[in-house]
Q: 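Have a look at this one.
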Amino acid sequence: MIHKLKKFSKKMGHGLKQEYKETKEIPKHIKNREYKKAAQQVCDLGRMTLLSVLWVLPGGGVLSATLVKFSKKFRPSAFREDESEKEQNSAS
């Protein structure tokens with residue numbers, strides 16, 4: 001159980017660092033006229049804000065965890081697993 005918690009914590013930390021780096025790059029994308037990348041990152045910020053607000057509400061931890069677990073639509077891009085990662089996890 002503790003091993004799973006440590007693994008989850010590392011994954012969350014890595015995902016949050018990745019989102020932070022991507023957020024800092026928004027002005028660079030706009031300057032280079034890469035509007036699609038900038039818009040995707042703004043959507044990720046919205047998703048993270050929604051999940052954070054849900055987390056604070058009573059019972060929101062369960063609701064936000066359920067949304068993230070069962071709906072890939074609500075996951076920010078740094079928290080989505082690639083198909084290659086899924087294949088590696090299922091093989092091991």
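In what follows, every heavy atom counts, from backbone to side chain, and hydrogens, waters and symmetry copies are set aside. For this chain, numbers begin at 1 and follow the sequence in order.
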Q: Whether the T23 and Q41 side chains hold a donor-acceptor pair (N or O, under 3.5 Å, no angle test) is what I'd like checked.
A: yes

Q: For E34, which residues count as a side-chain contact (heavy atoms from CB on, under 4.5 Å) partner, sequence neighbours excluded?
A: H29, N32, K37

Q: Would you compute the distance between atom CG of L54 and atom CZ of F74 and round it to the nearest 0.5 angstrom?
A: 8.5 Å

Q: Could you go through residues 56-71 and list every donor-acceptor pair under 3.5 Å that involves a side-chain atom there, pairing it with any protein atom two or more places apart or in another chain?
A:
from : atom 1 : to  : atom 2 : distance (Å)
S64  : OG     : G60 : O      : 3.0
S64  : OG     : G61 : O      : 3.3
T66  : OG1    : V62 : O      : 2.7

Q: Residues in side-chain hydrogen bond (donor to acceptor under 3.5 Å, both in side chains) with Q18, at least two apart?
A: E22

Q: Which pairs count as salt bridge (Lys or Arg N to Asp or Glu O under 4.0 Å) when at least one residue sits in residues 49-58, sequence neighbours excluded?
A: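 Every candidate salt bridge (Lys or Arg N to Asp or Glu O under 4.0 Å) pair involving residues 49-58 fails, so no pair, neighbours aside, qualifies.
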
Q: Count I, L, V, M, F, W, Y as connected when their side-chain heavy atoms are under 4.5 Å apart, and connections chain through other members. Are Y35 and I26 then in the same cluster?
A: yes

Q: Any pair with a residue in residues 43-63 that passes salt bridge (Lys or Arg N to Asp or Glu O under 4.0 Å), sequence neighbours left out, goes on the list, sorted by first then second residue, please.
A: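 Only D44-R47 qualify under salt bridge (Lys or Arg N to Asp or Glu O under 4.0 Å).
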
Q: Decide yes or no on side chain to side chain contact (heavy atoms under 4.5 Å, CB included) for L51 and R75, but give the supporting numbers first.
A: CA-CA 9 Å; L51 291 173; R75 292 181 191 172; over 6 Å; no

Q: Does any pair with a residue in residues 48-63 pass salt bridge (Lys or Arg N to Asp or Glu O under 4.0 Å), and if so which ones, sequence neighbours excluded?
A: none

Q: Once rounded to the nearest 0.5 Å, what's the spacing between atom CG of L50 and atom CH2 of W55?
A: 13.5 Å

Q: With a 4.5 Å cut-off on side-chain heavy atoms, are M12 and F79 touching?
A: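 They are in side-chain contact.
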
Q: Look at the side chain of E19 and the backbone N and O of A78, then say whether any donor-acceptor pair between them is shorter than 3.5 Å.
A: yes

